[in-house]
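Step one of this worksheet: look at the structure below.
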Amino acid sequence: VIPVFPLSCTTGEGLHTLKRFLGKLPIRRDLKHSPGAPTEFAVSEFQKVDEVGLVMTGTVMQGVVRTGQRLMLGPLPTCDYKRVMVRSIHTKRTATKACAAGVMASLAISGIQE
């Protein structure tokens, strides 16, 4: 079941009902915005990009991801983890040096073969 809410962009009629509904939805996950929290990046997809290498797209679930940071990637199909390094970060098609919990980003990484 997908709820449909009639909403006026000019008068705002129906906005209160929509906000009340959204306020009652359960929180999907408590993101840890603390810069001291261990970094967790949930990978949605990955691809090989010419002249860049392996790029992972996903969401920072906790902590902060920084350019030059070393992370553990896994579990891999072999059930182990691989040490990788973040070479660059892009959010909304813009290069950045860091991104915190709740941010969707693309990470160019080194240290693993495709």
Side-chain angles (χ1 to χ4, degrees):
V1 176
I2 299 173
V4 176
F5 296 93
L7 184 65
S8 171
C9 294
T10 55
T11 67
E13 184 179 354
L15 187 59
H16 177 70
T17 305
L18 175 62
K19 285 183 178 180
R20 194 171 66 230
F21 174 80
L22 293 174
K24 292 183 178 187
L25 291 175
I27 295 173
R28 289 178 50 169
R29 174 146 183 189
D30 183 26
L31 299 175
K32 295 183 182 175
H33 293 279
S34 169
T39 301
E40 180 182 344
F41 184 80
V43 178
S44 300
E45 60 183 52
F46 59 92
Q47 59 187 345
K48 174 108 166 92
V49 178
D50 292 338
E51 299 182 24
V52 175
L54 186 62
V55 175
M56 300 184 308
T57 303
T59 304
V60 181
M61 301 306 287
Q62 71 178 28
V64 177
V65 177
R66 293 180 174 82
T67 301
Q69 183 176 4
R70 295 197 180 277
L71 300 172
M72 297 299 289
L73 176 65
L76 301 172
T78 57
C79 297
D80 59 348
Y81 289 76
K82 179 80 174 171
R83 189 182 246 347
V84 297
M85 186 181 78
V86 180
R87 292 180 33 205
S88 66
I89 304 170
H90 279 75
T91 58
K92 298 181 183 175
R93 299 182 185 261
T94 303
T96 185
K97 300 260 186 226
C99 56
V103 175
M104 295 180 68
S106 296
L107 310 179
I109 62 168
S110 63
I112 191 165
Q113 300 299 319
E114 47 186 288

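Nothing fancy with the numbering, it's 1 onward along the sequence. Being a predicted model, the structure only gives us computed values, none of them experimental. Worth knowing before you read on, the calculation uses all heavy atoms, side chains too, and leaves out hydrogens, waters and symmetry mates.
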From R20 CZ over to L15 CG, what is the distance, rounded to the nearest 0.5 angstrom? 11.5 Å
Hphob cluster co-occupancy, I89 + V43, side-chain heavy atoms under 4.5 angstrom: yes
Check for a donor-acceptor pair, side chain of T59 on one end and backbone N or O of M104 on the other, with a separation under 3.5 Å. no
Taking every heavy atom of A100 against every heavy atom of V60, the minimum-distance pair comes out as O-CB, 3.5 Å
Could you measure the distance from the CD atom of Q69 to the OG1 atom of T67? Nearest 0.5 Å is fine. 9.5 Å
Heavy atoms, side chains only, cut-off 4.5 Å: are M56 and L73 in contact? yes
Would you confirm whether T94, through its side chain, and K92, through its main-chain N or O, come within 3.5 Å as a donor-acceptor pair? yes
Closest heavy-atom pair, A98 versus R66, reported as atoms and distance to 0.1 Å, is CB-CG, 3.8 Å
Given side chain to side chain contact (heavy atoms under 4.5 Å, CB included), test M72 with R83 step by step and report yes or no. CA-CA 5 Å; M72 297 299 289; R83 189 182 246 347; 3.8 Å; yes
Closest non-hydrogen atom pair, M61 against A42: CG-CB, 3.7 Å
Honestly curious: do F46 and L71 fall in one hydrophobic cluster under the side-chain, below-4.5 Å linking rule? yes
Closest heavy-atom pair, R87 versus S110, reported as atoms and distance to 0.1 Å, is CD-CB, 3.3 Å
Taking only residues two or more places apart in sequence or in another chain, which ones pass side chain to side chain contact (heavy atoms under 4.5 Å, CB included) with R93? none
Measure across F41 and T57 and return the closest heavy-atom pair with its distance rounded to 0.1 Å. CZ-C, 4.0 Å
Value for NZ (K82) from CG (L76), rounded to nearest 0.5 Å, stands at 8.5 Å
For V84, the option from I109, L54, L107 that meets side chain to side chain contact (heavy atoms under 4.5 Å, CB included): I109
Looking only at heavy atoms, what is the nearest atom pair of L7 and G12, with distance? CD1-O, 4.4 Å
